[in-house]
Amino acid sequence: MGSGGREHAIAWKLASSPKVDQVFVAPGNGGTEAENLVRNVDIDPMNFADLADFAFSKNVQLTVVGPEEPLVEGIVEYFSERGLLCFGPSQAAARLEGSKSFAKRFLQKYKIPTAGFQVFETGDSAVRFVKTLSAPIVIKKDGLASGKGVFICETIIEAEEVIRKCFSEKKSGFQGLLIEDFIKGEELSYIALVDGADFKAFSTSQDYKRAKDGGIGLNTGGMGAYSPVSFVDDALEQKIVASIVTPTLRGMIAEGSPYRGFLYFGLMVDPSREVYVIEYNCRFGDPETQPIMMRLKSDLYTVILAALEGRLSKTTLSFDDRTAVSVVMASRGYPQAYEIGHPIKGLENLKEAKVFHSGTKVKEDVLKTNGGRVLAVTAMGSDISEARRKAYESVHEIHFFGQTYRTDIGRK
Ligand code: AMP
Ligand code: GLY
């Protein structure tokens, strides 16, 4: 389920399993449609009834959910009530992403390191609080906001404006504001396959959230990613597991909502190598999925079944030792207004890269742009610079009107 680069990478990997005959992607994109053993079906991921009818009619054995909205709205329970196997967290467990105030209270209750915070339900109380702080100030909308709910304010005045605006707009899903301490450091994506009690990590990865080179410009869904992340050594990973991952799984069991599914820990590693949870996502990351799936050697279908059956303690995930780099090609203007419908050329003769599609669509047999993030050009190399060189060589072969991309993915 889903239509992004993350779903293309997951569908591609599932289709490579000897146990999989056919993968359907609802609704998919131009890239999933062209993949061997993969077919698009034109059903919206929020239309649970049609999705379940379709799964029945095609005797679908396993449904894998890409994006967060269906999970937060309870698709796993809906499928299970209809006797269908669907991999992902329950609606209650998906609150780790769906409700920031739930996540923060959970982190606090189980003593998992995170930025200090307060929750506000009125603008006046939030403004009064902000006046007692020093910048930068981190303001987050509660409820799902598709990555557009976080503001890092450089001044108190800017913070006041953001607060006033959020409370006057009150978009649907808005449940109040969180104000939290700013943590300086290096971001890290730690994504795990979880079966309730046990987990296996999908290596380590890092994405590039800002629109422009050097980490400036607006926050986006992600302009590139790579895996693995070399600054994570065994000691740091052990700390992540002991202070964050294990207490999270135990905490969810104690809350009566054991977590089963992909779980994304958005982490910040500070200069003294202390690690904090910035956010949880109840799904895979996009574009982190693309380099991770390039490196994953295990059969994704088999390991998901192991997670569904609670057998992860006896399962291993293995990865190619090489580094994978993924460069996102976007439509000019993204993450704000952009055009779609432009033909994409140059994908035929790429030798060194796998191109995962995000916003693309085939119209009258022509592949066209259909979104802000268009392609994730992904390559492997013996080290990050080789992977980066191969990815950019392919990026330079691809052309569409208004294309834009960062030139510094994989180079810090
Ligand atoms: P999120 O959507 O929660 O991942 O937030 C978007 C971005 O804002 C993150 O990737 C971080 O770069 C930044 N951010 C969020 N919370 C904090 C924080 N408490 N301290 C520093 N940066 C943060
Ligand atoms: N790349 C960040 C995310 O998927 O949330």
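Predicted model only: the values in this text are computed from it and were never measured.
Taking the centre of each ring, F265 and Y280 come in below the 6.0 Å mark. Aromatic rings from F202 and F284 are positioned such that their centres are separated by under 6.0 Å. In this structure, F87 has its ring center closer than 6.0 angstrom to the ring center of F262.
In this structure, D408 contributes its side chain and R411 its backbone to no donor-acceptor pair below 3.5 Å.
Cation-pi geometry between R95 and F102 is satisfied (NZ or CZ under 6.0 Å from the ring centre, within 45° of the ring normal).
If you check the side chains of N40 and T32, you find a donor sitting under 3.5 Å from an acceptor. Judged by distance alone, the side chains of Q118 and E180 never bring a donor and an acceptor atom under 3.5 Å apart. In this structure, a donor-acceptor pair under 3.5 Å is absent between the side chains of T316 and K200. Between the side chains of T323 and D383, no donor N or O sits under 3.5 Å from an acceptor N or O. Residues K104 and T114 have side chains that bring a donor and an acceptor to within less than 3.5 angstrom of each other.
What you find for S125 and T122 is that their closest heavy atoms are OG-OG1, 2.7 Å. Across every non-hydrogen atom of E279 and K209, the tightest pair is OE2-NZ, 4.5 Å. Considering all non-hydrogen atoms of both residues, A52 and Y78 come closest at CB-CE2, 3.8 Å. The minimum heavy-atom distance between S326 and A376, with the atom names listed, is OG-CB, 3.4 Å.
Within 6.0 Å of CD on E121 lie no more than 12 heavy atoms contributed by other residues, nucleotides or ligands. Annotation for R250: atom CZ does not count as buried by contact number, only 12 or fewer foreign heavy atoms lying within 6.0 Å. Within 6.0 Å of CZ on R332 lie no more than 12 heavy atoms contributed by other residues, nucleotides or ligands.
Between F54 and F24, the ring-plane angle classifies as perpendicular under the 30° and 60° cut-offs.
Considering NE2 of H8 and NE2 of H357, their distance stands at 6.0 Å, rounded to 0.5 Å. Annotation: the span from S205 atom OG to R295 atom CZ amounts to 9.5 Å, rounded to 0.5 Å. Between atom CD of residue E69 and atom SG of residue C282 there is a gap of 9.0 Å, rounded to the nearest 0.5 Å.
Listed by first and then second residue, the ring pair (Phe, Tyr, Trp, His ring centres under 6.0 Å) pairs involving residues 380-407 are H342-F401 (not counting sequence neighbours).
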